[in-house]
Amino acid sequence: MRMTRLLTRTLRQDPAEAETPSHRLMLRAGMISQVAAGVYAYLPLAQRSLRKIEEIIRQEMDAAGGQELRMPALQPLETWQETGRAGAFGQNLFHLKDRRDRDLVLAPTHEEVVTALVRANVQSYRDLPLVLYQIQTKFRDEPRPRAGLIRVREFDMKDAYSFDADEEGLDRSYRRMMEAYSAIYSRCGLSTLAVEADSGAIGGKDSHEFILPAESGEDIILRCQRCHYSANAERATFRLPPVEAEPEQPLEEVRTPGVKTIAALADYLGVPSSKTLKAVFYSADGHVVFVTLRGDLDVNEVKLKNLLKCTELRLATDEELQGAGLVPGFASPIGLSGVHRVGDASIRVGSNFVAGANKPDTHLRKANYPRDFQVDVMADIALARDGHGCPQCGAPLSGIRGIEVGHVFKLGTVFSETLGARYLDREGVQRPITMGCYGIGVGRLLAGAIEQNHDDKGIIFPTPIAPYQVHLVALNVDDPDVSREAEALYQRLSAQGYEVLFDDRVESAGVKLNDADLIGLPVRLLVSPRSLKQRSVELKARRERNAQVVPLEEADARLQHVLGGS
RNA sequence: CGGGGAGUAGCGCAGCCCGGUAGCGCGCCACGUUCGGGACGUGGAGGUCGCGGGUUCAAGUCCCGCCUCCCCGACCA
């Protein structure tokens, strides 16, 4: 491809809206163009990368026994009401009406349709196992699209679905998919981490995310520094440091004027925050829920949501609190009745806590569970943090940020039971099909790759997903020798099957070299009057510091060497 | 949805407070000079100032309403 023919140009200045490196660099390199919030046009350079990523995904899915198909993005709303997921997705589901006023949705994922397909086509255990996949555009009306391609409302995703006779079969399919995922990332030249994840509102037991470590990532991952434990913070469990046993003392009231936060309270009374009880109120599908946990911990809302099995969970408003007879800032589990009470396991670790008194400017000292108050449910609903103890070995956990570039779930029989996807086993008994689902965001993977591979000059593409392999740069194209030799080299390399981006523009050296660094193709070949004096080109790997001078006729052989024989 | 910010040429911005011919840098076009890390000169093209209403002799600027985009949070299979 000649750069004089390429649709876009590079930008010298950073576009104002971009903050994240991948977003900024993709805009500057002319790869993407925003059409609406979270909606992008993929320009030729990006499109080539995306196609390479898709091709790698297809090869690995096929190798793992997958069959590619394609399901519609446009679906009737009823499909989503049958499984109750119209509600579960809520506002995130794009809704529209057709000319006859029928309700349609733009699908955010395809469990319903694929399950219905399998129901119609699978009758016997002989038809199983089965892995179906597609690469299809998904629509999710995200509350806040952000960071370029990292969180968007329209995006291409590879989604795969496995169908097995039983749990053991699912375990095999699941393992196989995880292996395929690892192969995909490694072939893309990326290092990822498989971590335990929350399975969401309608997940099954097991779920893993593939995380690409990156500063700009939205997810926090906790990894054990000693053993192999690693999990998304949404999911992670942890051990609390042991506390010394202390005899329970009698409850006493203490004046705490205007002290409303845990930090202020600990400071005011001169106790560590781990000696306080935190009260947090939520509205779960409209019902007030009272949560108590130790003051040094925060509520993990994902755990809480799973525990309550609700679809909408938000902090309660002060009005809702007062309606339930509670005093914001001084609310207390003690003497509380009439609301659903959830206690975190941490309130059993420690004693003689400071708690609210449920009247203004007053707290209680020496509160003890269960002596002074009870809860309706006791569970782990605390958020794990950097420094907490590993649930498996107790060593400290450390937190890193990362981008979720893949997510796999064991769905079990949730969908097959609801939608009636059954098969006959050997004994002639009807059983629900056991399912798994497996997703990779293609565009997010590209963005993640750039997050992980760039420097202050630009992108450093991993070869397998680079839009082109070689950036052939001619300096001084007015010089007939340069123009002739560069042209000849372009033709020759292209004929040999190399993917060459040929900078044949009339531009100064600085512009061309900076653009080459910005676009970040793996290898740069430079033809100039200077190099031609030695009948040579300069070859420089984007990742390397220095260039090497290579005789013109050896350029192909050197390229093959550098690109690893492709 | 809560908080903050912004919409003026393809990109980055000034002008708005204090109403009076719409500007700067980059990019773009032409010619010439340059030519290995974002060159220089000369001449040019390019704008419903986000949209609608109002005030006024006159609105990019003042007033009202709306829309869009970005950031933080909430949210997020």
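Just so we're on the same page: letters track the sequence lines, and every chain starts at 1.
For B/G38, its base never sits under 3.5 Å from the side chain of A/Arg505 at any donor and acceptor pair. Contact annotation: side chain of A/Asp517 to base of B/G37, donor-acceptor pair present below 3.5 Å. Between the side chain of A/Glu507 and the base of B/G38, no donor-acceptor pair under 3.5 Å is found. Applying the 3.5 Å distance criterion, the base of B/C76 shares a donor-acceptor pair with the side chain of A/Arg151. A donor N or O paired with an acceptor N or O is not found under 3.5 Å between the base of B/G27 and the side-chain atoms of A/Gln13. If you check distances only, the side chain of A/Asp515 does reach the base of B/G38 with a donor-acceptor pair under 3.5 Å.
The pairing partner recorded for B/C75 is none, the criterion being a Watson-Crick or G-U wobble arrangement whose two distances lie under 3.5 angstrom. Pairing of B/G23, defined by two Watson-Crick or G-U wobble distances under 3.5 Å, is identified with B/C13. Under the Watson-Crick and G-U wobble criteria, each requiring two contacts below 3.5 Å, nucleotide B/U48 is left unpaired. Nucleotide B/A30 is matched to B/U42 when pairs are restricted to Watson-Crick or G-U wobble geometry with both distances under 3.5 angstrom. When both pairing distances are held under 3.5 Å, B/U61 makes no Watson-Crick or G-U pair with any nucleotide shown.
The same atom, C1', is picked in B/G54 and in B/A59; the two are 11 Å apart, to the nearest Å. Going from the P atom of B/C13 to that of B/G46 covers 25 Å, rounded to whole Å. Comparing B/G15 with B/C35, their P atoms are spaced 41 Å from each other, to the whole Å. Comparing the C1' positions of B/G7 and B/U48 gives an interatomic distance of 15 Å, to the nearest angstrom. Nucleotides B/G3 and B/U61, compared at atom C1', are 28 Å apart to the nearest Å.
Closest to the side chain of A/Arg28, out of B/C71, B/G38, B/C76, is B/G38. Here the side chain of A/Arg12 is nearest to one of B/A77, B/G27, B/G12, namely B/G27. Proximity note for A/Ala36 (side chain, C-beta onward) versus B/C69, B/A77, B/G37: the nearest is B/C69. Listed nucleotides B/C76, B/A77, B/U34 differ in distance to A/Asp478; the shortest reach to its side chain belongs to B/U34. When each of B/A77, B/A74, B/G37 is scored by its nearest atom to the side-chain atoms of A/Phe415, the top-ranked nucleotide is B/A77. Side-chain proximity of A/Thr10 to the nucleotides B/G37, B/G36, B/G38 is greatest for B/G38. Relative to the side chain of A/Ala16, the nucleotides B/A74, B/G12, B/C69 differ in distance, and B/G12 lies closest. Listed candidates were B/A39, B/C76, B/A74. Nearest to the side chain of A/Glu142 is B/C76. When distances run from any side-chain atom of A/Arg144 to the nucleotides B/G36, B/A74, B/A77, the shortest one goes to B/A74. The side chain of A/Arg153 approaches B/C69 more closely than any other nucleotide in the set B/G37, B/A77, B/C69.
Not a single donor-acceptor pair under 3.5 Å links the side chain of A/Glu154 to the backbone N or O of A/Tyr40.
Seen from the ring of A/Phe155, A/Lys138 does not count as a face-on cation partner, given the 6.0 Å and 45° thresholds.
A sub-4.0 Å separation between OP1 or OP2 of B/C70 and a side-chain N or O of A/Gln34 is present.
Take the nearest nucleotide of RNA chain B for A/Leu532 and for A/Met157: the residue whose nucleotide is more 5' is A/Leu532. Residue A/Leu475 is the one, among A/Leu475 and A/Phe89, whose nearest nucleotide of RNA chain B lies closer to the 5' end (criterion: closest heavy atom).
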Please report the C-alpha distance between A/Tyr438 and A/Ser162 in whole Å, then the side-chain angles of each, then the deciding distance to 0.1 Å, and finally whether the side chain to side chain contact (heavy atoms under 4.5 Å, CB included) criterion is met. CA-CA 8 Å; A/Tyr438 316 88; A/Ser162 68; 2.7 Å; yes

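Aromatic rings of A/His208 and A/Phe210 (six-membered ring for Trp) have centroids beyond the 6.0 Å cut-off, not under it.
Results of the side-chain hydrogen bond (donor to acceptor under 3.5 Å, both in side chains) test with A/Tyr181 over A/Arg176, A/Lys158, A/His407 single out A/Lys158 as the only residue that passes.
Atom CD of A/Glu218 has more than 12 neighbouring heavy atoms from other residues, nucleotides or ligands inside a 6.0 Å radius.
Side chain to side chain, A/Arg28 and A/Gln13 fail the donor-acceptor criterion of an N or O pair below 3.5 Å.
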